[in-house]
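Here is the structure we will look at, set down as structure tokens.
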Amino acid sequence: MTKCAWACVLFVIIFGYIACQENPYRQGKNLYTAYCATCHMEEGQGLKGLFPPIAGADYLEEHFEELPCIIRYGLEGEIVVNGRSYNQPMLAIKNINEIEIANIMNFINREWRNVDDFVSPEQVRQQLSKCQ
């Protein structure tokens, strides 16, 4: 391999590493945008009267461990978020895997809960085994 080729390979590795360090939650953000933002909005503020917020949501704090089940299987019935009632069903995202759910949860933790706790795919798998 020539010096130029080695330099290119090294550049790609370094650039990739730096890009990951700048936004380690990029996949979670992309998944949130694809699956969640339509209802919960881009900044997690929800759609008033129809879909609850995620940002600053007391419901999320109280039910965070149930989030894998809610994401995978949806949610029906009335819930109260920050003192306001919501009764729109949340659709299931059945084709999402444990890694993707963990990435969404880690993005939510970092973006709106100000929590650095890391949710692993194994933790998501364990929670999904408890879903009813």
Side-chain angles (χ1 to χ4, degrees):
M1 200 178 247
T2 68
K3 286 184 182 181
C4 182
W6 278 110
C8 288
V9 168
L10 185 60
F11 174 77
V12 168
I13 291 170
I14 291 171
F15 181 76
Y17 176 77
I18 290 170
C20 288
Q21 295 305 310
E22 287 176 7
N23 190 353
Y25 300 98
R26 180 177 297 152
Q27 186 185 30
K29 180 177 183 172
N30 291 342
L31 290 164
Y32 175 85
T33 299
Y35 291 116
C36 313
T38 302
C39 298
H40 296 290
M41 308 309 290
E42 200 67 33
E43 299 300 319
Q45 74 270 24
L47 191 56
K48 292 200 187 274
L50 291 175
F51 301 104
I54 292 176
D58 59 355
Y59 185 89
L60 183 63
E61 293 303 316
E62 295 166 12
H63 299 274
F64 192 76
E65 287 189 7
E66 299 166 28
L67 195 53
C69 297
I70 294 170
I71 292 170
R72 170 78 58 82
Y73 300 110
L75 186 64
E76 299 245 348
E78 183 178 12
I79 63 170
V80 177
V81 180
N82 300 339
R84 183 175 206 145
S85 293
Y86 296 89
N87 200 7
Q88 292 290 326
M90 180 174 150
L91 300 176
I93 309 171
K94 294 193 182 227
N95 63 335
I96 195 167
N97 65 45
E98 290 89 357
I99 295 169
E100 293 168 325
I101 293 172
N103 283 327
I104 291 171
M105 292 177 69
N106 287 320
F107 170 72
I108 289 170
N109 272 345
R110 183 70 174 201
E111 192 72 15
W112 295 304
R113 293 183 71 222
N114 296 320
V115 175
D116 283 330
D117 293 344
F118 177 77
V119 177
S120 72
E122 180 57 35
Q123 289 170 302
V124 169
R125 193 173 298 112
Q126 288 173 1
Q127 284 306 115
L128 287 172
S129 73
K130 299 175 186 177
C131 299
Q132 295 184 8

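Atoms considered below: every heavy atom in the structure, side chains included; atoms not considered: hydrogens, waters and symmetry mates.
A donor-acceptor pair under 3.5 Å is formed between the side chain of Asn87 and the backbone N or O of Glu78. A donor-acceptor distance shorter than 3.5 angstrom exists from the side chain of Asn82 to the backbone of Gly56, with no hydrogens or angles considered.
Applying the salt bridge (charged side-chain N to carboxylate O under 4.0 Å, His left out) criterion to Arg84, with sequence neighbours excluded, gives no partner residue.
The side-chain hydrogen bond (donor to acceptor under 3.5 Å, both in side chains) contacts involving residues 41-61 comprise Thr33-Glu42, Glu61-Arg113, where partners must be two or more places apart or lie in separate chains. Residue pairs satisfying the salt bridge (Lys or Arg N to Asp or Glu O under 4.0 Å) criterion with at least one member in residues 121-132, sequence neighbours excluded, are listed as follows: Glu122-Arg125.
Considering only heavy atoms from C-beta on, Glu65 stays 4.5 Å or farther from Gln126 through its side chain. By the 4.5 Å heavy-atom criterion applied to side chains, Pro53 and Tyr86 are counted as neighbours. By the 4.5 Å heavy-atom criterion applied to side chains, Leu67 and Ile108 are counted as neighbours. Looking at heavy atoms from C-beta onward, Cys39 lies out of side-chain contact with Leu47 at the 4.5 angstrom threshold. Leu75 has its side chain out of reach of Pro89: every pair of non-hydrogen atoms, C-beta onward, lies at least 4.5 Å apart.
If you take CE on Met105 and CZ on Phe118, they are separated by 11.0 Å, rounding to the nearest 0.5 Å. With values rounded to the nearest 0.5 angstrom, Glu66 atom CD is found 12.0 Å from Ile71 atom CD1. To the nearest 0.5 angstrom, Gln27 atom CD is 14.0 Å from Lys29 atom NZ. With rounding to the nearest 0.5 angstrom, the CG atom of Asp116 is 10.0 Å from the CG atom of Asn106. Expressed to the nearest 0.5 Å, how far CG of Leu31 lies from CD1 of Ile104 amounts to 5.0 Å.
Aromatic ring pairs are classed by plane angle as parallel below 30°, tilted from 30° to 60° and perpendicular above 60°; the pair Tyr32 and Phe107 is tilted.
Clustering ILVMFWY residues whenever any of their side-chain heavy atoms sit less than 4.5 angstrom apart, transitively, puts Met41 in a cluster other than the one holding Ile93. Placement of Phe64 and Tyr35 within a single hydrophobic cluster is found when ILVMFWY residues are connected by side-chain heavy-atom separations under 4.5 Å, directly or transitively. In the hydrophobic cluster analysis, where Ile, Leu, Val, Met, Phe, Trp and Tyr join through side-chain heavy atoms closer than 4.5 angstrom, Met90 is grouped apart from Phe51.
The shortest non-hydrogen separation linking Ala55 to Trp112 is CB-CD1, 3.3 Å. Contact between Arg72 and Ile96 at its shortest, heavy atoms only, is NH2-O, 2.9 Å. Contact detail for Leu128 and Cys69: the closest heavy-atom pair is CD2-N, 4.0 Å. The nearest pair of heavy atoms linking Gln88 to Leu50 is CG-O, 3.2 Å. The two residues Pro52 and Val81 make their nearest non-hydrogen contact at CB-CG2, 3.6 Å. Between Pro121 and Ala102, the shortest heavy-atom contact is N-CB, 3.9 Å.
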